[in-house]
Structure formats: C-alpha cells, structure tokens
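Reckoned from all heavy atoms, side chains included, excluding hydrogens, waters and symmetry mates. Every value quoted in this text rests on a predicted model; they were computed, and no experiment measured them.
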Amino acid sequence: MELSFREYQWFVKGFWPWVPVKGSSMEIGNELMGVTEWLPATVPGGVHQDLHQAGLIDHPYHDMNSLKCEWVENRWWVYKTLFERPAVSGSKVELVFKGLDYEAMIYLNHELLGEHKGMYHPAVFDITEWIERHDSFELLVVLKQAPDEMAQIGKTSETFTQKSRFNYKWDFSTRLVNVGIWDDVVLRVHQAYSLENVHVRTDVEQGTGLVYLSAGVVRQSASADEAAGLQLAARVLDPDGQVVATAMEPLHTLEQPVEFRFQLAAPRLWYPNGYGDQPLYSIEVQLLQGSCELDRYTCQTGIRKLAYAVNPDSPEGALPYTFVINGVNIYIRGVNMTPLDHLYGNVAESRYEWIVHLAQKAHVNMIRVWGGGIIEKSYFYELCDRHGILIWQEFVQSSSGVDNIPSKRPEYLELLARTAVEALRTRRNHVSLSVWSGGNELMSAPNTPSTYEDENLAMLKELTAKWDPLRMFLPTSASGPVQYITAEKGVSHDVHGHWKYQGNPQHYEIYGEADHLFHSEFGVDGVSSLKSLRKFLSPGHLRPTSMTDSLVWRHHGEWWDTYDRDLQLFGRLEELAAFVDCSQWIQAEGLRFILEANRRRQFHNSGSIVWQLNEPWPNASCTNLIDYYKETKMAYYWVKKAFAPDHVSLDYRKLNYAAGDLFHAPVYVHRNGGPTQAEVQAQVLDSHGAVLYTQTLRAAALENGSSLAGNLSFEVPETADGLVFVRLKLQADAARKVENVYIFSTVPAEQPLYGGALDLGPAKLDIQELSGWRPDGAGGLHGGDEVLVKRFRVHNAGAAAALFVHAEEQTDRYVMVADEAYEILFPGESQEIEITCTVRSGELFGERQAREAKLCGSVAEPVIAFHCFQSRTAQAKAGRLTSAKLAAESRAASSIAQ
C-alpha cells in the first residue's frame with residue numbers, strides 16, 4: 001500500500017551551499033538565515049515554479065529572463081513537510097522518493113536518514129522504528145546545487161550524472177536547470193511479505209493469446225516464517241471487465257519467482273495506431289496468506305506478438321528495423337519527443353493527455369523518448385498503451401559535439417546501471433514499449449555510431465537481456481554504420497539528418513534519392529505561431545528578424561533562424577504575420593517531401609521519426625510540430641496527411657520550372673488497408689482555379705504498402721503570378737477521398753520562387769456553423785476535462801485560391817485541433833472542418849489562472865476564427881495587423897494574463 005504526500009503542505013527555502021548542514025556561524029554563533037524565507041512549495045514540482053509564485057523570479061520564459069534565473073541552480077534548497085503516523089499498520093514502512101533531482105540528504109525529525117544521488121531510481125528508507133516510536137514527523141529534504149553537467153556542446157565521455165541534460169542548454173531549449181522533488185513521495189506500507197519484480201508479457205501463437213506472468217516475493221519482517229502458507233493468486237480480465245483466466249500457486253521458496261502462463265482463446269489483439277484497435281486486458285496478482293491479502297499488483301496490458309524483421313535487400317550485417325505486430329509489418333510513422341517542459345516535475349497529466357491525443361490524431365504510431373531528456377513518468381506510457389503508440393525508449397545518454405563517446409567513468413556506469421534496471425523493471429509491462437536504445441547519437445568516431453562492442457553499451461545490452469529479454473536493444477540512434485544521411489549508396493542503415501530545409505533543388509535530390517533503411521531523426525525548422533510569439537516576446541521584439549540581429553530571438557532558438565531562407569523564397573517579409581506564414585509553409589513543405597520520399601520505399605525503408613513533436617520552452621523558431629503553448633503548426637497537419645492510412649504523393653526533384661518545360665513525375669498511392677484498385681485524378685491549376693490540364697492514373701494499390709500509379713506529364717503553363725498548382729485526388733474506396741496539392745513556380749531561379757503568393761488576390765471565406773458545441777465522450781482524454789466538438793463549412797467566395805485555410809481559437813481559454821487544416825480552397829470550393837477543443841490547463845507559472853475553467857467555475861464556449869495565407873498578408877498591407885498594432889495587442893494580452 002502506498003500513501004502519497006501530494007496533498008501535504010510543503011515548503012521550500014533557499015540557502016548558500018552547505019549552510020543547511022552547518023546551521024549557524026562558526027565565528028559569531030548566529031543562525032544562518034538563508035537566501036529566501038520559507039515559501040509554499042509544490043511536490044512533485046520544482047523550485048523555479050515556487051520562486052515565481054512567490055515573486056522572487058520573473059517569468060523565466062519571457063524574453064531573456066531565464067538568464068536572470070541561473071542563480072537558482074547554484075543554491076541549496078530545503079523542502080519540508082509535517083505528517084502524522086499513518087492510520088494503517090504493517091510489518092515495515094518505507095519512505096520512498098520516486099524522483100529526487102538531483103543530490104539529496106534526507107532528515108526525519110532532524111536526524112539524517114541517508115543520502116541519495118540520481119533522478120531515475122528511487123530513494124528508499126526504512127522508517128519502521130520511527131513510526132513505532134513517534135506520532136508526528138518533520139521531513140526535511142536538502143537538495144544540493146545542480147551538478148555541473150554537460151550541455152549539448154561538451155564531452156560525452158566526461159558525463160558523470162544521470163541527470164537530464166537538455167536543460168543545461170540544447171538547441172531547442174535554454175539553460176534552466178531543474179532542481180526539486182520531481183516525482184511522488186510516498187509511504188509504502190508492507191505486510192510480512194510483499195510482491196516484487198512483477199513481469200507481464202504477452203504473445204500470440206496460432207490464434208491463441210498467451211499471457212506470461214512472473215512475480216517474486218520478498219520477506220519484510222525478520223520474524224516471519226519462511227514462505228509460511230503463502231499463495232499467489234492471479235487473474236486476467238478482458239477489456240469488458242470479465243474474468244477470462246485465473247490461477248493460484250503456492251509459494252515454496254523466496255528464491256525463485258512464481259510463474260503463470262494463461263491461454264486465451266479468441267483474444268482481442270492490440271495493434272498500433274492505424275492498424276487496429278487497442279483493447280487492454282487487466283492483470284491482477286494477489287499475495288495471500290490464508291484468507292488475508294498481504295499485497296496486490298494490478299496493471300493493464302494488450303495482447304500482441306512483437307517481432308522484428310530485416311528490410312528487403314538489406315546490406316549484410318544490417319539490424320532488423322521493421323517492427324512486426326501480430327504478423328503485420330508496421331510502417332513507422334513516428335515523432336521524437338522532448339520533455340514537455342524545462343521544469344518537468346510540474347508537468348500536469350492534462351498536458352501529457354493533450355500531447356498524446358495530438359500525436360494519435362496525426363496518425364503517429366511511434367514516439368521516440370529521446371536520450372537527452374528524461375525517462376518519462378508512468379502516466380505517459382499508460383496513455384501510449386491506450387492510444388496504440390509504440391515507444392522507442394532511450395536510456396539517458398546523448399552526444400555532446402566535442403566528443404560523443406559513451407562515458408566509461410566508474411561512478412557513471414554504476415549510476416547508469418541503476419537507472420537502466422529501474423527503467424527496465426518499471427516500464428517493461430507496458431505493451432506500447434517496443435525497443436530500447438543506449439542513447440542519442442553516441443559515436444566512437446565522427447560519423448560512426450557506437451556499437452555493442454562499447455563497454456557502456458555492452459553493459460546496457462546485458463541488463464536489457466536480463467530484465468526484458470524479448471525486446472530489441474539498439475546500441476544508439478542512429479545505429480549506423482554511418483551517422484548522417486548521405487548520397488553514398490549502401491552505407492545508410494538507420495540514419496539521422498538533416499534538420500534544415502536544404503534548399504531548392506538540393507532538398508529534393510538528397511531525400512528523393514536516399515536509400516537508408518530507417519530514418520530515426522530529421523527535421524525542418526519553422527517560426528512559432530503568431531498567437532504564441534505574443535505570449536513570450538515583449539512588444540518591441542514582435543517583428544520579422546534574423547537571430548543575428550536580435551538577441552531575444554537568438555535566445556529563443558538560435559539554431560533555427562529561417563529569416564534569410566524565407567527572404568530568398570518569398571522576396572519580402574515586412575510583417576510578422578507574413579513571416580510566420582512563410583516560414584511555416586517551408587517547414588511543412590520540407591517535411592512532407594521527406595516523409596513521402598521515405599514512404600515511397602516502404603518497407604525498404606521501415607519508417608520515419610520526425611524531429612520533433614514538441615518543445616520544452618517557447619522558441620521563436622524550432623523544428624517542432626506543436627509549440628510550447630500547444631498550438632499546432634502548419635507542419636503538424638502536413639505531417640498528419642503524409643502519415644494518413646491512405647495517401648497519394650508526387651515524386652518531384654525541384655520546385656521551379658520554366659513555362660513550356662516538360663513536367664514529368666511519378667505518382668504513388670500509399671495504403672494501410674487491404675489491396676484495392678485506386679484511381680488518381682491529377683489536375684494542373686492556376687491560382688484562380690482554372691484547370692489547365694487533367695490526367696487520370698490507376699493503380700492496384702498494395703495492401704500495407706506503396707504502389708506506382710503512373711507518371712504525370714504535362715507542359716508547364718505560363719501563369720500571371722508564376723504559381724502552378726498540381727492537385728492529386730485519390731479515390732481509395734467508396735468512403736474515402738484523399739487530396740494532396742503541390743505548388744510549383746515558373747519564375748527564374750534567381751528570383752523569389754513563391755513571391756507571387758504574397759500578391760494573391762484577397763481571400764473571402766464564408767463560414768457556416770453546421771452544429772453547436774457538443775461534448776465528445778470519445779475524445780480520447782482521460783483526466784476529466786470536457787472535450788467539445790463543433791463542425792464548420794468554409795467556402796471560398798473569392799476570385800483566388802485561399803491558401804492554407806486553418807482555424808484558430810480566439811479566447812485562449814481552450815486548446816484546439818482540427819480534423820483538417822492548411823488545405824487549399826480554390827474559388828467556389830468548400831470544405832467541412834471539425835474542431836475539437838478542451839480547456840487550456842496545466843500551464844506553468846500561473847499566467848493563465850484567471851482564465852481557466854476550473855478556477856473560474858464556468859467558461860464561455862470556444863470562439864473560432866478562420867484564416868488563410870493571403871488573409872494575413874492582406875491585413876498587414878491594409879495596416880490592420882501592423883507591428884504597432886501587434887505591440888498594443890500584446891501589451892493588452894500581457895496585462896490580462898498577469
């Protein structure tokens with residue numbers, strides 16, 4: 001039984017190093033008072049949130065304020081709380097800290113219980129005698145200053161901690177090093193015996209579901225007889241809660257675990273997102289002594305067979321990169337996930353729910369938990385079990401640039417082993433977990449990923465084989481034999497790169513001709529939404545700029561400067577709204593091509609994992625699909641389309657053609673479902689919707705594969721604005737229609753290719769509400785927040801194509817996602833769009849508290865506005881969205897937020 005300390009009243013106080021241990025001055029005897037008073041604290045949480053709530057630090061995510069917060073990591077912080085003797089009794093009571101960040105000394109009633117170092121393995125203290133002798137307790141946790149660990153630039157070989165490294169400074173984050181109690185504190189009450197190391201795994205053989213269960217038992221009381229009359233009872237409940245299997249075994253010895261094997265006829269199988277459903281069976285284990293229950297373990301899991309297959313025509317020695325679930329090859333449509341916040345102890349369950357919800361809606365079937373971040377909290381893995389999202393879990397190791405060699409320091413290997421064993425034991429029962437990796441971009445030499453021969457990785461491989469033997473362990477990501485994508489043939493197995501748009505035509509040549517077997521990390525950068533920029537940039541910085549010219553923009557995403565790139569492609573960027581739209585367009589274009597190029601080689605290529613899904617703090621520009629404030633970028637929707645079960649793509653090698661040139665490009669049909677006869681209608685249009693050419697192609701679409709439908713060939717027309725649109729319409733079956741639009745240019749290569757888009761005629765969008773807001777009980781969220789859904793019809797009543805039509809929630813009390821967004825509506829065309837909203841919650845620093853539904857008691861319904869590319873530029877030209885206007889609106893929004 002566990003009794004949580006979450007509801008207790010906690011306080012925190014800051015001191016200079018070693019002062020909490022000394023207490024008073026050696027010279028004058030006075031009490032050393034500390035650098036703060038005792039402040040209300042949140043546990044789990046982190047010091048920065050508590051300091052901000054107390055008014056002692058400015059909002060660290062605004063402008064360059066994080067620089068003024070770096071003193072926090074260099075102080076010692078003392079947490080304290082009071083608690084009473086628990087009302088329950090047992091043979092042994094343990095005080096358990098599930099996540100201390102990072103090095104701590106723990107005192108109970110002013111006596112030292114012990115010390116602890118490390119984020120990911122628990123600090124456990126036997127306080128049975130304390131509980132017997134006292135009625136009330138004061139608990140003090142002294143956290144030393146954060147260790148001086150490596151940031152992104154440094155030497156991997158010299159890392160010495162198992163502390164998350166991204167918040168020491170990474171390309172998508174600043175330096176804001178978390179300190180605090182980042183996971184639960186509990187009293188764990190044991191009876192004379194308790195369960196340990198419960199392991200659940202499932203399999204499928206000849207249509208029969210198999211559940212394998214093992215459980216160890218440990219004696220908690222020295223006076224207890226050796227395994228006297230102990231039995232283990234186990235049962236399996238189907239997804240409807242019906243008991244489908246039971247067993248009971250006597251315990252003869254504590255030396256060996258008890259093993260169960262259940263056979264389930266006609267099991268309901270678990271599949272990844274897009275390949276089937278995710279029914280979850282409940283597993284229950286009881287430790288009994290006579291009729292008395294001493295301990296209980298419960299979990300949910302899916303029944304599935306996991307295997308791995310080598311790619312067709314793989315080079316000799318290549319690892320198996322295709323994941324096989326229940327005999328079905330799964331094409332990976334993946335995303336890399338960073339921690340959800342710099343201050344990861346304060347991340348609410350609602351934030352996990354929404355990020356996984358967005359991933360599931362984007363057809364994602366794998367999330368790589370990146371090795372420079374954290375081993376996520378258990379709730380995240382539960383959500384992935386429910387939504388069918390496979391987990392690629394890395395141990396906490398990452399490259400450092402100066403050298404990338406896995407650390408061999410003895411104290412580090414000891415800590416790494418503890419972390420690994422804890423992660424293996426506590427995460428292996430999740431059906432979503434599919435592969436372990438030694439870490440991110442570990443290299444024994446430049447561009448040469450480390451292998452199983454490395455001492456560090458050999459240890460992790462051995463631990464994985466012991467604790468989770470049926471799952472694959474990859475030495476690192478990328479796993480080589482070369483690190484980065486290359487035009488050289490036959491050497492690319494699992495590769496990383498690139499992370500920038502490579503230019504026209506280079507981007508299309510490198511990715512279109514690649515032959516890698518797996519693509520586990522790559523990205524394209526784009527500016528954050530206008531709505532989000534206004535939340536963390538002060539008015540003077542709300543203008544188009546390069547990172548070279550603005551220290552504030554540089555502080556929020558130095559690596560991800562798209563200003564010069566976008567000037568080259570569009571010619572001018574006079575207003576921030578236009579800069580946002582242009583930058584997001586190229587990010588979406590670049591990512592779509594990579595994903596489609598990889599998917600055209602399915603399963604010679606086993607899949608793609610986009611860098612990155614999210615960001616842990618607000619960047620002005622980054623490679624993420626969803627920004628810190630949960631706003632989805634244009635790239636999110638184009639990735640969603642490229643990941644869709646049915647898709648149609650065009651295989652081109654550049655964006656610009658001269659009028660009169662022959663355009664010739666293959667067209668591919670991509671399908672998850674069974675084989676079918678697919679028809680593709682190709683149209684060439686101008687920006688006013690005039691159809692200049694049509695061609696029909698037909699393909700026998702493969703089951704779970706990609707098929708060549710034929711070649712689209714036409715003479716490139718001359719258009720007034722230099723824009724040529726190619727629209728592919730796929731009729732996959734009677735129920736599903738798929739469209740994909742590509743925009744090419746006929747202007748000379750030395751001119752801005754997409755400059756004509758900034759001069760398109762004004763858009764006129766007519767919006768019709770097709771329903772009121774209605775609750776959606778199947779919205780996919782589980783934290784109690786209501787999910788609201790509403791349908792709209794958007795009609796283009798203008799004379800020019802409305803580029804990239806999308807919705808935006810206006811009150812900022814809600815987060816939203818659309819079933820479709822950033823589509824092109826030609827004149828006279830309409831589109832029905834469903835919007836899903838839930839209350840905005842779980843954000844740090846209290847800046848939105850006055851507008852959250854849970855605090856207000858009631859909230860007005862969401863307000864939805866629709867925009868398109870030229871509506872923003874037209875507003876800017878008309879002076880209705882100038883920088884001055886933005887600055888005034890930003891000041892007003894900031895006033896309301898505070």
Considering non-hydrogen atoms only, spot the tightest contact between Trp170 and Ser399 and give its length.
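For Trp170 versus Ser399, the nearest heavy atoms are CH2-O, 3.7 Å.
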The criterion is ring pair (Phe, Tyr, Trp, His ring centres under 6.0 Å); which residues satisfy it with His116, sequence neighbours excluded?
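His116 satisfies ring pair (Phe, Tyr, Trp, His ring centres under 6.0 Å) with His121 only.
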With sequence neighbours excluded, tell me which residues meet ring pair (Phe, Tyr, Trp, His ring centres under 6.0 Å) with Tyr281.
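Checked Tyr281 against ring pair (Phe, Tyr, Trp, His ring centres under 6.0 Å); zero matches.
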For a 4.5 angstrom cut-off between non-hydrogen side-chain atoms, does [X] reach [Y]?
X	Y	result
Gln263	Thr208	yes
Asp295	Tyr297	no
Arg471	Val435	no
Val124	Phe97	no

Just by distance, no angles: are the side chains of [X] and [Y] close enough, under 3.5 Å, to form a donor-acceptor pair?
X	Y	result
Arg201	Thr301	no
Arg351	Asn346	no
Thr298	Glu284	no
Thr174	His342	no
Thr322	Asn329	no
Asn672	Tyr331	no
Asn167	Asn178	no
Tyr344	Glu376	no
Asn273	His387	no
Tyr412	Gln397	yes
His199	Arg425	no

Do the charged groups of [X] and [Y] touch, with an N to O distance under 4.0 Å?
X	Y	answer
Glu2	Arg188	yes
Arg268	Asp277	no
Lys155	Asp403	no
Lys144	Glu103	yes
Glu73	Arg175	yes
Lys408	Asp454	yes
Arg368	Glu521	yes
Glu462	Lys466	no

Report the relative orientation of the aromatic rings in Phe172 and Trp370; use parallel for angles under 30°, tilted for 30 to 60°, perpendicular for over 60°.
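Rings of Phe172 and Trp370: perpendicular, over 60°.
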Report the C-alpha distance between Gln152 and Asp171 in whole Å, list the side-chain angles of each, state the deciding distance to 0.1 Å, and finish with yes or no for side-chain hydrogen bond (donor to acceptor under 3.5 Å, both in side chains).
CA-CA 7 Å; Gln152 183 173 19; Asp171 56 74; 2.7 Å; yes
Identify, with sequence neighbours excluded, every residue that meets side-chain hydrogen bond (donor to acceptor under 3.5 Å, both in side chains) alongside Ser706.
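Here the qualifying residues are His670.
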Tell me, please, which residues at least two apart from Lys500 pass side-chain hydrogen bond (donor to acceptor under 3.5 Å, both in side chains).
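Here the qualifying residues are Asp525.
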Qualifying ring-ring contact (aromatic ring centres under 6.0 Å, His included) pairs, either residue in residues 435-494, two or more places apart:
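Residue pairs with at least one partner in residues 435-494: Phe395-Trp436.
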Test log, rule salt bridge (Lys or Arg N to Asp or Glu O under 4.0 Å), inputs Glu349 and Lys377
CA-CA 10 Å; Glu349 289 186 349; Lys377 294 183 179 179; over 6 Å; no
With ring pair (Phe, Tyr, Trp, His ring centres under 6.0 Å) as the criterion, how do Tyr381 and His430 come out once you've worked through the C-alpha distance, each side chain's angles and the decisive distance to 0.1 Å?
CA-CA 7 Å; Tyr381 302 89; His430 290 282; 5.7 Å; yes
With sequence neighbours excluded, residues passing salt bridge (Lys or Arg N to Asp or Glu O under 4.0 Å) with Glu382:
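Result, salt bridge (Lys or Arg N to Asp or Glu O under 4.0 Å) vs Glu382: none returned.
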